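Have a look at the structure below, then the notes.
Letters A, B, ... mirror the listed sequences (proteins, then strands); counts begin at 1. Bear in mind that the values here come from a model prediction, so they are computed numbers and not experimental data.
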2 protein chains.
Amino acid sequence: MNIKDAARASGLPAKTIRYYEQIGLVVPSRRANGYRDFSETDVHNLAFVARARALGFSIEDCHALLALYQDKSRASADVKAIAQRHLDEIEAKIRDLSEMRDTLSELVLACRGNHRPDCPILASMSGAGESGNSEA
Amino acid sequence: MNIKDAARASGLPAKTIRYYEQIGLVVPSRRANGYRDFSETDVHNLAFVARARALGFSIEDCHALLALYQDKSRASADVKAIAQRHLDEIEAKIRDLSEMRDTLSELVLACRGNHRPDCPILASMSGAGESGNSEA
DNA sequence: TTAGGGGTTCCAGTTGCTGGAAGGTCAAGA
DNA sequence: TCTTGACCTTCCAGCAACTGGAACCCCTAA
């Protein structure tokens, strides 16, 4: 199977597939003319990676997950550990972003958004309420 | 003020401050010996950027916000527009991450995490429940 | 004089692709 | 047989926002 068909079958851009080969994630065989030749397994592995990436796993994690997937004597604990760690990171990121959202939405709400220059958003970033005695 | 003091005062690493100068965000003057010489305004601007970055604004946004901050005849509407767009992006990101978290936490919960190979996490990524007739 | 703790520049690496240039290959139609 | 166009190949550069490190200069104090 040529790269374009592998791309269609896996849902990944051809460029991305070449990149994945380059970093050793999914390495198809080659035909005599130098063209990549993707097996069903290659395509399946690409789709596997695509789904893992969609869940936010890093390439490194995808590497490890793919290895575990192919290791029929794996322990599911190893898979779970990777997923749990990743889940923790996602939750941490959600917390960070939620804090930003809370602060930002307050500021946006407070800003009149008119033709005048006074703006609580800029005030906040310029250090308003810094050393605690500005409005005490 | 030397870069190390500017770093301490602004809360940014010296490396980052040099980078910000390189991209034209905050450009201090130079002494005869080639050392950067940070004014109070420079440090204030660096702290401004640090706070904007902490709210997740891109460097490009920081550029624009800093320009508005320095433009005393600005319209707060321009600031608000930038902040609102950024807020929308953050909320979109939170939605994406929350979806990942929901899927992942289900999978992690379902995985026994023992010495045996069977694993719903891998099953999910290998395409379980793909074409809709597997458990209908 | 020497040691140390500054400062400087520039280059490379990070993550995960993506775009583009330059060129080889293949199948089909005139 | 030649050409056209769609494919394929490699390699290089760039994105965001730094960060680490090498190699080197400067300044002060003992």
Side-chain angles (χ1 to χ4, degrees), chain A residues 1-38 42-43 45-46 48-66 82 85-86 89-90 93 96-97 100, chain B residues 1-38 42-43 45-46 48-66 82 85-86 89-90 93 96-97 100:
Chain A
M1 191 186 294
N2 274 354
I3 197 167
K4 216 188 182 191
D5 296 316
R8 204 174 8 226
S10 66
L12 289 168
K15 272 272 180 188
T16 301
I17 294 176
R18 286 195 196 97
Y19 171 69
Y20 286 171
E21 183 196 36
Q22 190 188 319
I23 60 173
L25 197 49
V26 173
V27 181
S29 57
R30 297 284 182 141
R31 300 222 197 101
N33 61 8
Y35 284 21
R36 289 170 182 83
D37 189 10
F38 294 85
D42 291 331
V43 169
N45 287 345
L46 286 171
F48 180 99
V49 172
R51 288 192 201 92
R53 293 286 301 135
L55 285 177
F57 284 101
S58 70
I59 292 286
E60 200 187 339
D61 281 347
C62 289
H63 232 326
L65 290 170
L66 205 48
I82 293 173
R85 192 179 32 67
H86 179 48
E89 286 167 8
I90 285 179
K93 206 170 290 180
D96 287 353
L97 287 171
M100 287 184 195
Chain B
M1 192 188 292
N2 274 354
I3 197 166
K4 215 186 181 192
D5 297 315
R8 203 174 10 225
S10 66
L12 290 167
K15 272 271 179 192
T16 300
I17 294 176
R18 286 196 197 95
Y19 171 69
Y20 286 171
E21 183 196 35
Q22 190 188 318
I23 61 173
L25 197 50
V26 174
V27 181
S29 57
R30 297 283 182 141
R31 300 224 197 99
N33 62 7
Y35 285 21
R36 290 170 183 81
D37 189 10
F38 294 85
D42 291 331
V43 170
N45 287 345
L46 285 172
F48 180 99
V49 171
R51 288 191 201 94
R53 293 286 300 135
L55 286 176
F57 284 101
S58 69
I59 293 285
E60 200 188 338
D61 281 347
C62 289
H63 232 325
L65 290 170
L66 206 47
I82 293 173
R85 191 178 34 67
H86 179 48
E89 285 166 9
I90 285 179
K93 207 169 290 180
D96 287 354
L97 287 171
M100 288 182 195

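One N or O on the side chain of A:H86 and one on the backbone of A:L55 form a donor-acceptor pair closer than 3.5 Å. Put simply, the side chain of B:N2 never gets that close to the backbone of B:K4: no donor and acceptor are under 3.5 Å apart.
Using a 4.0 Å heavy-atom cutoff across all strands shown, A:Y20 reaches sugar-phosphate atoms only and no base atom. Within 4.0 Å (heavy atoms only), B:I23 reaches no atom of the nucleic acid at all.
Checking the phosphate oxygens (OP1, OP2) of C:dT9, a side-chain nitrogen or oxygen of B:R36 falls inside 4.0 Å. Within the 4.0 Å cut-off from OP1 or OP2 of C:dT8, at least one side-chain nitrogen or oxygen of B:R18 is found. A sub-4.0 Å separation between OP1 or OP2 of C:dT18 and a side-chain N or O of A:T16 is present. Side-chain nitrogen and oxygen atoms of B:R31 include none within less than 4.0 Å of the OP1 or OP2 phosphate oxygen of C:dT8.
The line from CG of B:L66 to CG of B:L25 is 6.0 Å long, rounded to the nearest 0.5 Å. Rounding to the nearest 0.5 angstrom, the gap separating the OH atom in B:Y20 from the CD1 atom in B:I59 is 4.0 Å.
The CD-C1' distance, from B:E21 to C:dG7, rounds to 13 Å in whole Å. One interatomic measurement links the two molecules: CZ of A:R8 to P of D:dC7, which rounds to 9 Å at whole-angstrom precision. When rounded to the nearest whole Å, the span between CG of A:L12 and P of C:dT18 equals 9 Å. Following rounding to the nearest Å, A:D37 (CG) and D:dC8 (P) show an atom-to-atom distance of 12 Å. Rounded to whole angstrom, the span from the CG atom of A:D61 across to the P atom of C:dT15 amounts to 12 Å. A:N33 has its CG atom 11 Å from the P atom of D:dT10, to the nearest Å. We find that NZ of A:K93 is positioned 11 Å from C1' of C:dT15, with the value rounded to whole Å. Atom pair A:L25:CG and C:dC17:C1' shows a separation of 13 Å (rounding to whole Å applied).
With C:dT9, C:dG16, D:dT10 as the candidates, the nucleotide lying closest to the side chain of B:R30 is C:dT9. Residue B:Y35 has its side chain nearest to C:dG6 when only C:dG6, C:dT9, C:dT25 are considered. You'll find that the side chain of A:I3 is closest to D:dC8, out of C:dT8, D:dC18, D:dC8.
Within 6.0 Å of atom CD in A:E60, 12 or fewer heavy atoms from other residues, nucleotides or ligands are found, so the atom counts as exposed in its surroundings.
In the interface, the side chain of B:K15 is paired with the base of D:dG21 through a donor and an acceptor atom under 3.5 Å apart. You won't find any donor-acceptor pair under 3.5 Å spanning the side chain of B:K4 and the base of C:dG7, going by distance alone.
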